[in-house]
Structures are given as C-alpha cells and as structure tokens.
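Structure below; questions to follow.
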Amino acid sequence: MSLQLDQLVPEHIRLFDPYRPSPPDAELMRRYGLDRLHRLNNNENPLGPSPAVRELLAGIEAGIVPVYPHGDSQNLREALSEVLGPDRSRFLVGNGSCELISSVVKAFCEPGDNIVTADKTFAVYEWVARFSGIEARLVPLTRDHGFDPDAMLAAMDGRTKLVFVCNPNNPTGAYWNEATMRRFLDAVDGRCIVVADEAYFEYVERPDYPDCIRLLDEYPNLVVFRTFSKMHALAALRVGYLCAGEDVTDVIGRAHVAYSVNTPAQLAARAALLDRSPFVERTRAMVRQGREVIRAACAELGFEHIIGEGNYAMIRTPISDTLLQRKLLRRGFLVRTMTGFRFPNWIRVSLVERPVLEEFRAALTSLFR
Amino acid sequence: MNTSASCIRLLLPADAAWVGLVQAAAEQAGAVFGLDRDKALRLVHCAEELLLFLASAEAGDIETTLRPLSTGVEIGFSFASADVDLSAMNLVSAPSADKTDGPGGDRSSLPLLLASRMSDGFRVGLEGRRMEIALRVDKAYPEPEPLPAERVRAQGRPTLSAAGDADALFEACSAIAGLYPAHVAPAWCASPGRAADMVRAGELFALEARDAAGRLCGVVFWEMRSERSVAFFGPYDFSVDGSVAGDLVNALLQAVGRTGAKNVFSGLATRPLADHGFELLAELPYLLGDSPTPVTHAVWGRMLQEDFGATAWTHPGFADFLRGRYDALDLVRDLRPVRELGEAAQAGSVIGARLTPGLGEALLHPELNGADMGDNLARHVAALAAAGYRNILFEIDLAKGWHAALGEHLLRCGFRPALLLPLGGQSDTLVFRHVPAA
C-alpha cells in the first residue's frame, strides 16, 4: 500500500516550512568543541527564576505527576485576577503565548479572512496564519522601526479579523505609547480584534508605555498577551496568558485546548506572579547595564545598532549575520540571526549578565579589529 | 510525483497493445496543456516510445501521468521494477551497432533513446522500489528582438516591487541584453513569455526597481534551486551611478529570508557582493565560444538561517578540499568517509544533464548509479566537448554516500572539486569542474 500523502495534505500545509530548533546545547557543544555556551539568542532571563519559584520547584513531589493538571489553570487565573485586576473569567492560560496565538487565529479566522501585522516582528503571528490557510498581511515598519498604525489601518479590509501589535516590538524594541495605542484602537473602532502582545511588558520602564490590560474596559475588541517566559524566566515551563473582555475570552477559549498547561508550570507561574522579592528589579538593572555594554561595543566598532525596550539589542554587522552567528558559536556564543526577521545582516543579542556581555564584546572585537 | 495539480493518469500494463491509448492521451494532453502541433507530436512520440520500451523490458503494471508544467508538459511513467536498464536515457548514450543491427540484435533500448532525444529534459529516479521516468516537452516561445536600452539617471530613490507580466519582463530582459554581457544574462531572458509563465507558476521571482518617473532602474531574479536553496540572477542595475544594486540585494534577502530556503547563492552574479554580506564561494573560469581566454564567473552565497553543523559524506579524493572550504566558511561538519564495500551495482548508470548553450555549460549530475559509471562519465565528457561544451560541471549531493563514492570516477575522468554549495541540495553539494589537462 502506498500513501498518497500529497493528496491528503492541504496546500498551505504542504508549502509551509516547519520551524527547526537548534540542537540541544550538549550536542552543540560537542559539535563545536565548546566547554561553555552562552545563550544570547532567545531573550531568556539568566537570573531566574525568582527565589520563590526556585523554592517551589525544589519542593515539588513526584506524586503530582500521575494527576492531570487543572484544566483551565483556575488557581493561576485567580492569582492573575488578584494581581492585575480583571476577573479570572477574563484570563486564559496557554502553553506559552504561541498556543494562544494559535487559539486566537482558530477562534476568529476562516478561509478568506486575513490578519494584519508588521513585516519585521515576531514571526509566529505570520506562521500560524499561514499554516492555518489564512492570509497574513505584512506592513513595513516605520523609519524608526516601530509598527506603522496608519499603514496597518490601510491594510485592513472587511475580511481582516485580527491585528497583531507586538508592543514593544521584537526585535526592534520600539513601542507604541498610550496615545498611539488609543488612536489606533479608536480608528479600528471595533471592526476586528486587536492583539497587543506584551511579552516584554515587565522590561519596559517608560512612563508613556501603555498597560493595555487597563484599556480593556474601553476597548472590547482588545486582547492582551503576556508571558512568564521572559521576565519571570519560566521559558522551559511554557506558560503564557491572555486577558480580554469576558465574551472575547469565552470565544477564544472554545478554540483552546484544555489541560495544555502542566501542574508544575501552573504552580511556578502563580509563585512568580505573587513573588515580591527584588528579582524583577534586579533583572531590569541587569538589562540596563547590558544596554550600556552593547552601546559601548558598537561605538568602539562603529556598528549601527538598535536598542529599544525589552531585554535585547540589535547590531548591524559588516558580514552576513549567519556567518557571524557561526563565528560567534565557535567562540561559545549563541546569537539570533535577523535575516529571518527580514533584517539581513543584523543579529539580535539578549541582554544578560554584564560579565557575559563583556566576554561577548571581547569576542566581537577580536573578530572585527 | 506530485499529482495535486490537474493531470491525466492512466494505470495500464506495459504492453505494446496499449500504445494507441497512450498516444491519444498524450495528443489530447498536449493540446489542452498548451503545446503547439509540433511539440504535441513530440509528446506523442515520447509517450509511444516510452511505452514500447517498458513493454520490451516487461516492466509490469505502470502508471502514466501527463501533467502541465509552467512552460510545457511532462509525461511520467512509474513502475515497480529496479531491474530495467535505463542507460539509454543518458544524454550521450548511443545504441551500439553490434547490439542493434542484424538479426537477433538488441533493440530494446532504442525506444527509450528516441524518447529522451525527442524531449527537452528528463529525470529518472528510484523511490523505494518504484522507478520513475519523466520526460518534459517545452512550449515553443517567441524570441523577440530586445528593445533598445540605456542607463537611467534615477529620479529619487526607486521603488521596488514584484515584476510578473510579460511586457515588464521583456523590458527588463531587453535592458539586461543591452547593458550586460551575454554571459551574465539568464537563458530565459531570450523568451520573456517563458519567463512570465515561470513567474506566474511561482518557479521564478522577479523584483524590479522603478524611479519616480516610472523608469526601470534595475531588476533581480531568483528561483528555488532545491527545497533548501535559492539561486539568484543579478542584481542588474540599470542606473548611471550603480546606486540600485544594494536595494535590490536587500529586497531579495528580505523576500527569501522567511521562506524555507536555508541558503542563497548566485546563479549569475553581476558584481562583487561582499559589501552585502555575501561570501565568495568560488571563481569559476568559463571558456566562451572559441575564446582561449576564460571569463570568470564568481559565485557569491550566504546562509539565510543559522547553521548548527551537519554530516556530509566524503571521499579521500576531495576530503581536503571540503575541509578547506568548511574552514573558510566557518561551517562545522562531521565528515563521513565512504568505503568500498563490494556491493553489486546495476549495470547501466544514468547521468542527468542541464545544458546552457549560451555559456557552453553542461551541468551533470548522477541520476542512477551503475557499474559503468566511469565509462559513462568519459563518454559524456567526450561527446559534450565534441559538441562545443567547454565548461563541463558535475554536481554531487553530500547527503548521499553513493554520490560521494563517485569521487574516484570523477577524478580519473579529469574532474576537480571547484565549488561547495552549503545546503545546495538535500545537504551540501559539491560541484566538480572538468579540467581537460588534468
């Protein structure tokens, strides 16, 4: 019996190129003959998790494993409600924000619909749309590397169901202030769902940066995404959440897989949220220092750079980003190439502890001086 | 075979009695899929001769597929037999007199030979235990005289956009013909209708730059060379000051950067590209026409995605070359040497070929291994050289051990490793260049 796979698989799946992650660190280190590897590619927080989360994880017993997790993360949603304000029914927890992106697209889009986002932003909005058979309309960034509200409005039509705004933008760190966000939402006027992805919310210290959860009552078409992977350093546990109006959350929940967040993840996320240690402030201080190290390195080498909000910086390189990635990997540094973000010959570097970034700076300098 | 597009499929025995049916199907398909009368007759001839060959080879049940391509029609025969000798599919294969003449002579390969000569291209492959032969007949396209072209003083910064209609492509191809030497013009530039059909089918992509007055200031083309690699042509910069090339290259990278392609390199490059983040992969000397002095084709490339190392088969004859190139490109590879294990090979090898007469280039690749591979290679080189092809290349895929094992035959036949294309095929590919004096 021969399998006629090409007759079974929809075209949008057949043509989609799957994401291929890097090999496990141990395998990478073997291939490259490394005795240490600094991960500057995924915007992880190396200081974490917070002491409260460490303590909780150390105390988790194997006895919880045979039991299914709570199906809709009720205790975590209650904690979110307690800390952030909206009722727990307005929160939906997912296996990382990526699952939530998928749930939102599934909930609102059908063939013929489209989503609108930027061309140079987090790729998963575009990917999920494409492998769901939905058109992704990609709007160029502005000259200062931010989302272009007017061009996004112009790209919308009657079949636009979702607009994704990455705020601050990954990888450029540019953000919409509250006035811009409000102007945009006013102009959309409820015609479609606007997703404000605030994955790096906790890193932004600007007074004009909007807390979109506070805007939800005014804009019922607004959905806010946040994650525990970045500031809270729970990337391995995969926990993200969204907050929206109760009706909207209910609709998204229908397309969302229950039980997708495991028990240790729910417990750790709750502990991280309720933690009142100076962990977040220590992380912010680390990132501030990191920005200075990268600025100084770029000034010394004469490299163009983009340093905005978030725990990352972009550097323009005189050689291809992919070649530089290989050269830096030989020296023990993993960085993110930016050609896939449509920034050819740029790399993105996570802002981690100063000593590591000083080592990175030395490696970069040795390559180009 | 991908049969998701419109096609005609016939399931039938490999029996000469069915020739009429296959001919009729080919004739109808030729007309429906856009071939003119002459080309449709060629398709009919291919169908007839292939079926006769498979009948003589007692290939059993076969599946015949006729499907439209962007620029022609393909007829494919798929059958469950690994023992059919396909050596007559070789470009330079010729029926030997002692096998075909006289009473009792073996004429079994003659139909296949004829079919492969009537077609514009072919591919042969084994997928599991099924063998597939597919022959391509191209549409006939007009080759118009190029429009006059001159360099442009661009008004403002040109705007880039996709180019696709035949008239825009004709304008671009005319400018290339008028402003660049012929050896850096892609072959399909001579027939813009063909280029337009390729663009419409998503097989060729074009980005053009136009200034505020709507004048064409430059163009770059690209195509998927394999599932994981992109080959580009250009950038063709028609501006007076050469200010458009950078934008074209940047736009090319942005366009292909989020596709499945892992690598992009020049099929025909028009200028050094180090300033745009490309690495020089090779400088290949090309002998054009009767000229004793070669022109240099630089091959520029760069990875589009992160590379974390891989495994590649190698042979002692080119292992040092590979190590040198991998070091130069900072690529980590586990090199796995092939070994002679004494396994039996089928008798007849098949070598695929893509010919570019304007460049005098023959790019060969192994289709099927066989015990006669060394002799077959030598036959190809001799025949191609006699036909005026002075630039003979042979490409192997280092994902395949049997490709790497051809190293011995290639070296003996005068081929030398010249160009490593990271992820140019299923894995890295290595291109050998024939050096007559070697």
Side-chain angles (χ1 to χ4, degrees), chain A residues 2 4-11 14-25 27-34 41 119-120 123 126-127 130 136 138 140 316-331 334-347 367, chain B residues 1-5 7 9 63 78 80 127-130 160 202 224 227-228 230 246-247 249-265 273-280 300-311 326-334 422-423:
Chain A
S2 66
Q4 301 283 324
L5 202 55
D6 59 325
Q7 293 180 18
L8 299 175
V9 181
E11 187 181 22
R14 201 156 29 84
L15 298 179
F16 188 79
D17 186 59
Y19 175 75
R20 293 183 181 82
S22 59
D25 286 4
E27 173 62 12
L28 263 186
M29 292 168 73
R30 183 196 69 76
R31 287 186 192 175
Y32 280 78
L34 302 172
N41 60 331
D119 61 344
K120 298 173 181 176
E126 179 185 344
W127 286 344
R130 282 179 47 211
L138 307 176
R316 185 173 204 161
T317 79
I319 60 176
S320 81
D321 49 345
T322 47
L323 176 59
L324 181 56
Q325 175 261 329
R326 303 196 298 271
K327 287 181 179 295
L328 287 169
L329 187 50
R330 282 189 186 275
R331 290 157 177 80
L334 259 176
V335 298
R336 177 67 71 207
T337 60
M338 287 284 99
T339 296
F341 278 75
R342 303 191 174 95
F343 276 105
N345 305 333
W346 289 75
I347 59 168
L367 285 170
Chain B
M1 179 184 292
N2 180 354
T3 54
S4 58
C7 68
R9 296 169 74 192
E63 179 179 322
S78 162
E127 199 169 310
R129 295 173 62 189
R130 286 194 77 78
L160 280 75
M224 293 301 294
E227 275 189 24
R228 306 213 280 179
V230 170
D247 285 350
V249 173
N250 203 45
L252 161 72
L253 291 173
Q254 290 190 13
V256 300
R258 204 173 270 185
T259 65
K262 311 281 186 242
N263 198 357
V264 57
F265 38 78
L273 293 170
D275 287 348
H276 302 289
F278 281 75
E279 296 138 47
L280 182 60
W300 295 89
R302 52 159 290 170
M303 304 292 281
L304 293 167
Q305 298 183 12
E306 291 140 13
D307 187 282
F308 297 107
T311 299
Y326 285 136
D327 282 350
L329 297 172
D330 264 300
L331 285 165
V332 170
R333 294 290 184 267
D334 287 335
L423 300 176

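Predicted model, so just to flag it, every value in this text is computed and none were measured. Proteins come first, then strands; the chains are lettered A, B, ... in the order of their sequence lines, and each starts at number 1.
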Task: Per-residue contact mode, B:A251 against chain A (heavy atom under 4.5 angstrom) - done: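 For B:A251, neither part sits under 4.5 Å from chain A.
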
Task: Side chain, backbone, both or neither of A:F341 within contact of chain B (heavy atoms, under 4.5 Å) - done: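 When you check distances to chain B, atoms from both the backbone and side chain of A:F341 fall under 4.5 Å.
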
Open item on the list: Less than 4.5 Å to any heavy atom of chain B: does that hold for the side chain of A:L329, its backbone, both, or neither?
Closed with: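 Contact with chain B involves the side chain of A:L329 alone.
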
- [ ] Against chain B, label A:R20 side chain, backbone, both or neither, depending on which of its atoms sit under 4.5 Å from a heavy atom there.
- [x]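 It is the side chain, since no backbone atom gets that close.
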
Task: Results of side chain to side chain contact (heavy atoms under 4.5 Å, CB included) for B:D334 - residues two or more places apart only - done: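 Counting only residues at least two positions away or on another chain, B:D334 forms a side chain to side chain contact (heavy atoms under 4.5 Å, CB included) with A:R30, B:T311.
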
Open item on the list: Among A:N41, A:T322, A:T317, which residue satisfies the side-chain contact (heavy atoms from CB on, under 4.5 Å) criterion with A:T337?
Closed with: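 The single option meeting the side-chain contact (heavy atoms from CB on, under 4.5 Å) with A:T337 is A:T322.
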
Open item on the list: So A:T339 and B:R302, do their side chains get closer than 4.5 Å, heavy atoms only?
Closed with: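 Side chain of B:R302 against side chain of A:T339, heavy atoms only: contact under 4.5 Å found.
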
TODO: Taking the side chain as every heavy atom from C-beta outward, state whether B:L160 and B:N250 have any pair of such atoms under 4.5 Å apart.
DONE: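 No, too far: nothing below the 4.5 Å cut-off.
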
TODO: Answer with side chain, backbone, both or neither: which region of B:E279 has an atom nearer than 4.5 Å to a non-hydrogen atom of chain A?
DONE: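 Just its side chain gets close to chain A.
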
Task: Closest approach of B:W300 to B:A274 (non-hydrogen atoms, all atoms of both residues) - done: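 Minimum heavy-atom separation between B:W300 and B:A274: CZ3-N, 3.5 Å.
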
- [ ] Considering only heavy atoms and a distance below 4.5 Å, find which of B:K262, B:R333, B:E227 pairs most often with chain A.
- [x]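 Looking at each option in turn, the highest pair count goes to B:K262.
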
Task: Results of side-chain hydrogen bond (donor to acceptor under 3.5 Å, both in side chains) for A:R342 - residues two or more places apart only - done: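 A:R342 satisfies side-chain hydrogen bond (donor to acceptor under 3.5 Å, both in side chains) with A:E126 once adjacent residues are dropped.
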
Open item on the list: So for A:V335, is it side chain, backbone, both, or neither that comes closer than 4.5 Å to the heavy atoms of chain B?
Closed with: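 Backbone of A:V335 only, per the 4.5 Å heavy-atom cut-off to chain B.
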
Open item on the list: Can you tell me which portion of A:R31 sits under 4.5 Å from chain B's heavy atoms? Options are side chain, backbone, both or neither.
Closed with: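 For A:R31, the contact with chain B is made by backbone and side chain together.
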
TODO: Among the options A:I319, A:L28, A:L334, pick out the one with the most heavy-atom pairs lying under 4.5 Å from chain B.
DONE: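 The residue among A:I319, A:L28, A:L334 with the greatest pair count is A:L28.
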
Open item on the list: Do A:W127 and B:R258 make a side-chain contact, defined as non-hydrogen atoms from C-beta onward lying under 4.5 Å apart?
Closed with: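 Side chain of A:W127 against side chain of B:R258, heavy atoms only: contact under 4.5 Å found.
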
